[in-house]
Structures are given as C-alpha cells and as structure tokens.
Amino acid sequence: MRDALAEGLERYLRVRLDAPDLTVHDLARIPGGASRETYRFRARSAGAERKLILRRDPPASLIETERSTEYRAYQAFHRLGLPVPEPVALERDGGALERPFFIMSEIENAQAASVLAPDPYGAHSERIGHQFWSILGRIAGADPEALGLADFDGARSPQHCWSHEVARWEKVIDEDEAEPQPIARGALRWLKRHPPPPAQRIAVVHGDYRSGNFLHDGQGTIRAILDWEMAHLGDPLEDLAWALDPLWAHHDPSRPAGTLPREDAIRLWQDTSGLKADPAALAWWAMFASLKGVAIWISAAHEYATRRNDDPVNAFSGWYCLAFHNKVLAEKLETLA
Amino acid sequence: MKPEAGDILDVSAEQLMGLVPQLGDSYLQGSTAIHALLMRFAAREYERGADIRARENAEMRAVFAALAPALRDAALKARLEAAAATRDASLAISALDAANAQLKGLLIALHVHVEDAGERESSRRLWRLLKEMAERRVVSLF
C-alpha cells in the first residue's frame with residue numbers, strides 16, 4: 001500500500017504541473033532541521049524524471065514564520081544567480097498535503113556539514129570560506145526593492161533595525177521561557193542601553209546564515225544556501241554577526257563557521273557587500289546574535305517539553321545550544337559590567 | 001556493584017550509536033544519532049544535575065543575604081531576605097528546579113535594581129555569579 005503523502009503529492013503535482021501521467025517515487029524523509037519536515041522524491045512524467053524536495057510544516061513550527069518567506073527568498077536569489085534550489089511550487093493553505101508546504105529542486109551530490117564536526121570542510125575550508133563569506137556579502141549588497149522583497153517583515157528604517165529585532169526575540173523569550181532567564185534578561189537590558197549606530201542600509205537578512213545551512217559538493221564548492229525561513233529586512237551586520245557566532249565554530253573560534261580566520265571573513269564580506277563592518281557596531285550585533293540564539297533555543301526547548309514538536313534536534317538545541325549561548329553572553333556581560 | 005542510571009544511559013547510547021550504520025534511511029540515522037547524544041547528556045546530568053541546582057540555589061541565597069541589607073527598596077529587600085532564609089528541603093530535581101526558578105526571578109529583580117541605582121560593584125558581583133552558573137551548566141560534547 002502506498003504512502004498517503006506520496007499519493008497526495010502525486011495528485012497535487014499532476015494538476016500543478018499539468019502532467020496527468022506524473023508519478024511520485026522514492027519518497028523519503030531526510031534531515032532538514034526541526035522547523036520543517038523535509039522529504040526527497042522523484043517525479044516522473046513523459047519519460048523524464050525530476051528530483052525534488054518537499055518542505056512541509058510540522059504539526060507545530062519552531063519559530064512561527066510567514067510560509068511564503070522562504071519560497072520567495074529562493075525565487076529572488078535564484079534569479080540573482082546565487083546558489084539556491086530552484087523553487088517549483090508553494091501552497092500556503094496546504095489542503096493537498098494537510099499542512100502548508102513548498103516544493104523545490106533537489107541539489108544532487110551535495111552535503112551539509114554538521115555544526116558538531118571538528119573540521120567540517122577539511123582541505124577545502126579556505127575555498128568554502130571564500131564562497132561562504134562572499135555570498136553573504138552579495139546578499140547584504142542586494143537591493144530588496146530590486147529583488148521584489150521590499151515587503152518582507154522587518155525594519156523599514158536604518159535606525160530601527162536593532163530595536164525591531166530586539167523586540168522580536170524578546171517576545172519569543174516572554175512567550176516560551178519555562179523559567180526565569182537572568183542572563184537573557186541582562187543581555188536584553190544591555191542591548192537596549194547601548195544601541196548600535198543605524199544600519200548602513202536596509203538589506204535582506206537571511207536570518208540563519210551559518211555552517212550547516214548550506215550544501216557543498218565535498219570538493220570545495222558551495223552548491224546551495226538553504227533555510228531562508230527567518231529572512232527579513234534589517235541591518236546586514238545581523239547576518240554577519242550570526243555567521244561569526246562562536247557556536248558555529250566551537251572547535252576553533254578563531255575560524256568562524258569552520259572556514260577562514262575571522263579578519264579574512266570580515267574582509268571578504270566587506271569587499272563583496274560594499275559595506276563596512278564597524279567593530280563597535282559588529283560587537284553589538286555579536287551580543288545580539290547570542291541573545292537571538294538563546295531565544296531560539298528557549299523556543300526549541302518549549303516545543304520539545306510541551307510535545308508540540310518532539311524532534312530530538314529541539315531537545316539538543318534547548319539543552320546544549322542554550323547552555324552554550326548563556327555562557328557566551330554571561331562571559332561578555334561580566335567583562336562589560 | 002550495580003549499574004547506576006548514568007551507566008545504563010551511557011551503555012544504551014553506545015549500543016544505539018552502533019545501530020546507526022545499519023539504518024538505511026538518512027533521516028532515521030541522523031535522528032537516532034541525536035537520540036544517542038541526548039542519552040549521553042542525560043547520563044552526565046544524572047550525576048551532576050542535583051549538585052548544580054543545589055549549588056546555584058545556595059549561591060543565589062548567599063548573594064541575596066549579602067546585598068539585601070543595603071537596598072533602599074523595602075519591598076524587594078524583604079523578598080530577598082525571606083528568600084535568603086529558605087533552604088532546599090528536598091534534593092529531587094523537580095523541587096530544586098522549582099526553588100531555582102523562584103530564586104532566578106528574584107535575581108533578575110535584584111539585578112535590575114542595582115543597575116538602575118548605578119551600583120556597579122553589586123552588578124559585577126551578580127554577573128560573576130551568573131557566569132559561574134552558566135559555566136557549570138555547559139554540556140560537553142565529548
């Protein structure tokens with residue numbers, strides 16, 4: 001007996017792609033984070049085969065995001081020529097498959113590095129690093145209006161980028177904390193008392209640009225930047241600081257994201273974005289990055305503890321990652337006190 | 001000698017990890033490996049969990065006792081003194097967690113108060129405590 005999901009997908013794609021003979025094969029769930037269920041499958045029609053990925057909302061989502069955000073980011077940056085999967089279809093009401101979903105092309109022969117790997121890219125770390133930080137610079141340098149993403153959620157003026165994001169993540173902590181969080185609350189007070197300078201420009205912020213969220217071919221080439229579901233408008237330094245965060249390089253913090261020395265990473269980002277990474281502003285966004293991490297991990301812990309989403313990644317995030325970022329924040333704030 | 005819960009979790013995690021290569025499905029492989037890692041974390045928490053919580057609770061009570069006398073806010077001072085006089089009657093994790101949450105709530109109120117009053121030395125003392133607490137809660141991958 002065939003899987004109900006495969007049958008639903010087949011019925012949907014026959015209509016969506018105007019291919020009455022289309023059949024779905026080899027549907028299998030693959031790792032893809034706790035915030036969306038990710039499946040690989042093959043669609044055959046008229047003697048041809050397409051290798052596709054289905055991303056479907058779980059019964060409860062880790063961070064509530066607008067469902068079209070990730071899909072529209074893929075569309076916009078695919079047109080811009082960045083390595084992202086080609087989007088195929090988006091269904092916001094999700095009737096065909098019970099929950100909202102979208103479909104995109106599969107990036108074949110590519111892998112995502114584990115953030116726990118001690119040396120995720122081995123001999124290719126320099127090449128991967130050049131691409132990783134340059135692509136982030138291109139995202140920062142792109143015009144949201146020209147991309148068709150000017151209506152994305154986020155700040156509308158450069159001076160409000162920081163306060164918009166602080167409010168966003170403070171709300172997540174307010175809603176999801178299981179017990180009082182003295183370190184996060186102290187970080188929030190510090191961030192509000194020491195605001196950064198206004199953003200140099202409003203840009204599309206990926207929102208989760210880091211090691212583990214891109215595919216590479218194992219030979220030194222980045223094939224796709226993934227997981228755009230938290231994309232929004234804001235200060236491009238937010239993405240840079242998040243990518244530089246020590247959680248993504250805990251085996252060697254001097255080489256962020258397991259790639260290049262920090263100064264080289266920042267220089268590449270500056271060269272490709274045309275922006276400056278002012279050290280004081282970047283330090284504020286680095287503090288914010290760890291606070292944002294704490295908020296995400298608190299939310300993950302909440303999902304797991306309430307059984308709304310018992311993916312073990314949520315338990316790992318709510319335990320290991322939360323403790324890690326609490327320590328990072330406490331060390332910084334003790335020095336600044 | 002009998003196996004403690006931590007030993008059982010450690011051995012079970014090792015056996016679970018041994019099964020991972022035999023699971024053909026990549027999602028199942030990844031998910032099982034994380035379950036095994038979580039069991040290792042749980043094994044360590046079995047050993048240290050009560051100690052971490054009891055120490056945090058004692059240290060927060062001690063800092064309340066030290067800083068409360070100088071506070072001008074009478075209501076906060078009374079709450080801190082009352083909390084400083086409490087003790088952990090049970091070492092059950094749930095009981096320690098309940099006390100820990102109450103004390104952390106008060107710690108936040110105290111920290112806001114000393115920051116607003118510009119009492120930098122007290123603020124530094126609280127951050128030192130929070131740093132030590134955070135360091136003890138860190139989970140090792142190895």
Side-chain angles (χ1 to χ4, degrees), chain A residues 26-34 37-40 111-112 114-118 177-190 192-193 250-251 290 294 297 304 310-337, chain B residues 16 24-42 44-45 52-53 56 60 63 97-112 114-116 119-142:
Chain A
D26 304 330
L27 178 70
R29 189 163 180 187
I30 58 173
E37 293 174 357
T38 307
Y39 300 83
R40 174 196 292 133
Q111 56 195 287
S114 165
V115 295
L116 306 180
E177 67 178 2
E179 70 266 316
Q181 300 287 331
I183 296 172
R185 296 296 171 186
L188 283 164
R189 293 193 302 273
W190 186 92
K192 291 175 186 176
R193 283 177 178 149
H250 46 236
H251 293 281
S290 295
V294 163
W297 316 137
Y304 189 85
D310 61 4
D311 189 310
V313 169
N314 280 335
F316 176 81
S317 301
W319 198 345
Y320 177 85
C321 301
L322 179 58
F324 183 97
H325 268 144
N326 263 332
K327 175 173 170 282
V328 170
L329 285 173
E331 284 174 349
K332 282 187 182 176
L333 288 160
E334 193 236 355
T335 308
L336 294 166
Chain B
L16 201 56
D25 181 295
S26 67
Y27 175 75
L28 210 51
Q29 282 187 342
S31 178
T32 305
I34 297 173
H35 278 298
L37 186 60
L38 290 169
M39 287 165 72
R40 288 212 174 110
F41 289 176
R44 284 177 214 139
E45 200 66 11
I52 284 177
R53 288 158 176 78
E56 282 187 1
M60 284 191 279
V63 87
D97 273 344
N100 192 264
Q102 284 200 331
L103 294 165
K104 280 181 176 164
L106 267 177
L107 188 69
I108 293 171
L110 173 60
H111 213 158
V112 169
V114 300
E115 283 180 1
D116 288 348
E119 294 167 13
R120 291 197 66 185
E121 192 43 54
S122 297
S123 181
R124 278 193 205 104
R125 180 169 180 175
L126 294 178
W127 275 119
R128 270 199 303 278
L129 171 61
L130 287 170
K131 188 183 85 165
E132 288 163 12
M133 286 164 57
E135 283 169 348
R136 283 199 293 268
R137 292 257 182 177
V138 163
V139 187
S140 170
L141 287 171
F142 311 103

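Source: prediction; values computed, not measured. What's counted below: heavy atoms across the whole structure, side chains too, no hydrogens, waters or symmetry copies. Lettering follows sequence order; numbering is per chain, from 1.
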Checklist entry - When only pairs under 4.5 Å are counted, which of A:Ala315, A:Pro312, A:Ala28 shares the most heavy-atom pairs with chain B? => result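 Ranked by heavy-atom pairs under 4.5 Å with chain B, first place is A:Pro312.
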Item to check | Winner by heavy-atom pair count (cut-off under 4.5 Å) against chain A, out of B:Gly30, B:Ser26, B:Gly105, B:Ser123 | outcome: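 Counting heavy-atom pairs under 4.5 Å, the top option is B:Ser26.
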Next on the checklist: Assess whether a salt bridge exists between B:Lys104 and A:Glu177, defined as any Lys/Arg side-chain N lying under 4.0 Å from an Asp/Glu carboxylate O.
Outcome noted: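 Looking at A:Glu177 together with B:Lys104, the answer is no, because their closest N to O distance does not fall below 4.0 Å.
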Item to check | A:Ser317 versus A:Trp297, closest heavy-atom pair with distance | outcome: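 So the minimum-distance heavy-atom pair works out to O-CB, 3.3 Å.
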Next on the checklist: Among B:Asn100, B:Val112, B:Leu126, B:Leu107, which residue has the highest count of heavy-atom pairs closer than 4.5 Å to chain A?
Outcome noted: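 Most heavy-atom pairs under 4.5 Å with chain A: B:Val112.
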Item to check | Among A:Glu334, A:Arg185, A:Glu179, residue most engaged with chain B (heavy-atom pairs, under 4.5 Å) | outcome: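 Between A:Glu334, A:Arg185, A:Glu179, the count favours A:Glu334.
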Checklist entry - Between A:Val328 and chain B, which part of the residue has a heavy atom less than 4.5 Å away: side chain, backbone, both or neither? => result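 Neither part, no heavy atoms under 4.5 Å.
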Item to check | Side chain / backbone / both / neither for A:Leu322 at chain B, heavy atoms under 4.5 Å | outcome: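 Neither the backbone nor the side chain of A:Leu322 comes within 4.5 Å of chain B.
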Next on the checklist: At a 4.5 Å cut-off on heavy atoms, which part of B:Ala42 comes close to chain A: side chain, backbone, both, or neither?
Outcome noted: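 Answer is both: backbone and side chain atoms of B:Ala42 are under 4.5 Å from chain A.
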Next on the checklist: For chain A, which candidate among B:His111, B:Arg128, B:Lys131 shows the most heavy-atom pairs at distances under 4.5 Å?
Outcome noted: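 When all of B:His111, B:Arg128, B:Lys131 are compared, B:Lys131 has the most.
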Next on the checklist: Give me the atom names and distance for the closest heavy-atom approach of A:Tyr304 to A:Asp311.
Outcome noted: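 Here A:Tyr304 and A:Asp311 meet closest at CD1-O, 3.6 Å.
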Next on the checklist: Can you list everything that forms a salt bridge (charged side-chain N to carboxylate O under 4.0 Å, His left out) with B:Arg44? Sequence neighbours excluded, please.
Outcome noted: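 Testing B:Arg44 for salt bridge (charged side-chain N to carboxylate O under 4.0 Å, His left out), a comparison that skips the adjacent residues, returns none.
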Next on the checklist: Quick check on the interface: out of A:Thr38, A:Leu116, A:Asn326, A:Ile183, who has the most heavy-atom pairs with chain B under 4.5 Å?
Outcome noted: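 Heavy-atom pairs under 4.5 Å are most numerous for A:Ile183.
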Checklist entry - Among B:Val138, B:Asp25, B:Asp97, who wins on heavy-atom pairs under 4.5 Å with chain A? => result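 If we count pairs closer than 4.5 Å to chain A, B:Val138 comes out on top.
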Checklist entry - Under a 4.5 Å heavy-atom cut-off, does chain A meet the side chain of B:Leu38, its backbone, both or neither? => result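 Both parts, backbone and side chain.
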Next on the checklist: Please determine whether a side-chain nitrogen of the Lys or Arg among B:Glu121 and B:Arg124 lies less than 4.0 Å from a carboxylate oxygen of the Asp or Glu.
Outcome noted: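 Counted as a salt bridge, because a side-chain N and a carboxylate O are separated by less than 4.0 Å.
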Checklist entry - Looking at B:Arg53, B:Arg40, B:Arg137, which one forms a salt bridge (Lys or Arg N to Asp or Glu O under 4.0 Å) with B:Glu45? => result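 That would be B:Arg53; it is the only one of B:Arg53, B:Arg40, B:Arg137 passing the salt bridge (Lys or Arg N to Asp or Glu O under 4.0 Å) with B:Glu45.
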Checklist entry - With only heavy atoms counted, which part of A:His325 is less than 4.5 Å from chain B, the side chain, the backbone, both or neither? => result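 For A:His325, neither part sits under 4.5 Å from chain B.
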Checklist entry - With the threshold set at 4.0 Å, does a side-chain nitrogen-carboxylate oxygen contact exist between B:Glu115 and A:Arg189? => result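 Salt bridge present between B:Glu115 and A:Arg189.
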Next on the checklist: Is B:Arg120 close to chain A through its backbone or its side chain, or both, or neither, when contacts mean heavy atoms under 4.5 Å?
Outcome noted: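 Only the side chain of B:Arg120 comes within 4.5 Å of chain A.
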Checklist entry - What residues form a ring pair (Phe, Tyr, Trp, His ring centres under 6.0 Å) with A:Phe324, not counting sequence neighbours? => result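 A:His250.
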Checklist entry - What residue, out of B:Glu132, B:Gln102, B:Glu135, has the most heavy-atom pairs lying under 4.5 Å from chain A? => result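 Option with the top pair count is B:Glu135.
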Checklist entry - If you count heavy-atom pairs under 4.5 Å between each of A:Pro31, A:Ala178, A:Ser114 and chain B, which one has the most? => result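 That would be A:Pro31.
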Checklist entry - At a heavy-atom separation under 4.5 Å, does A:Arg29 approach chain B through its side chain, its backbone, both, or neither? => result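 Answer is both: backbone and side chain atoms of A:Arg29 are under 4.5 Å from chain B.
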Next on the checklist: Looking at B:Asp116 and A:Arg193, is any side-chain nitrogen of the basic one under 4.0 Å from a carboxylate oxygen of the acidic one?
Outcome noted: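 So A:Arg193 pairs with B:Asp116 through a salt bridge.
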Next on the checklist: Taking side chain as everything from C-beta outward and backbone as N, CA, C, O, which of these in B:Leu103 sits under 4.5 Å from a heavy atom of chain A? Side chain, backbone, both or neither.
Outcome noted: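 Neither part.
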Checklist entry - Would you call A:Lys327 and A:Glu331 a salt bridge, taking side-chain N to carboxylate O under 4.0 Å as the test? => result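 Yes, A:Lys327 and A:Glu331 are salt-bridged.
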Next on the checklist: How close do A:Tyr320 and B:Phe41 get, counting heavy atoms only, and between which atoms?
Outcome noted: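 That closest heavy-atom pairing would be CB-CE1, 3.8 Å.
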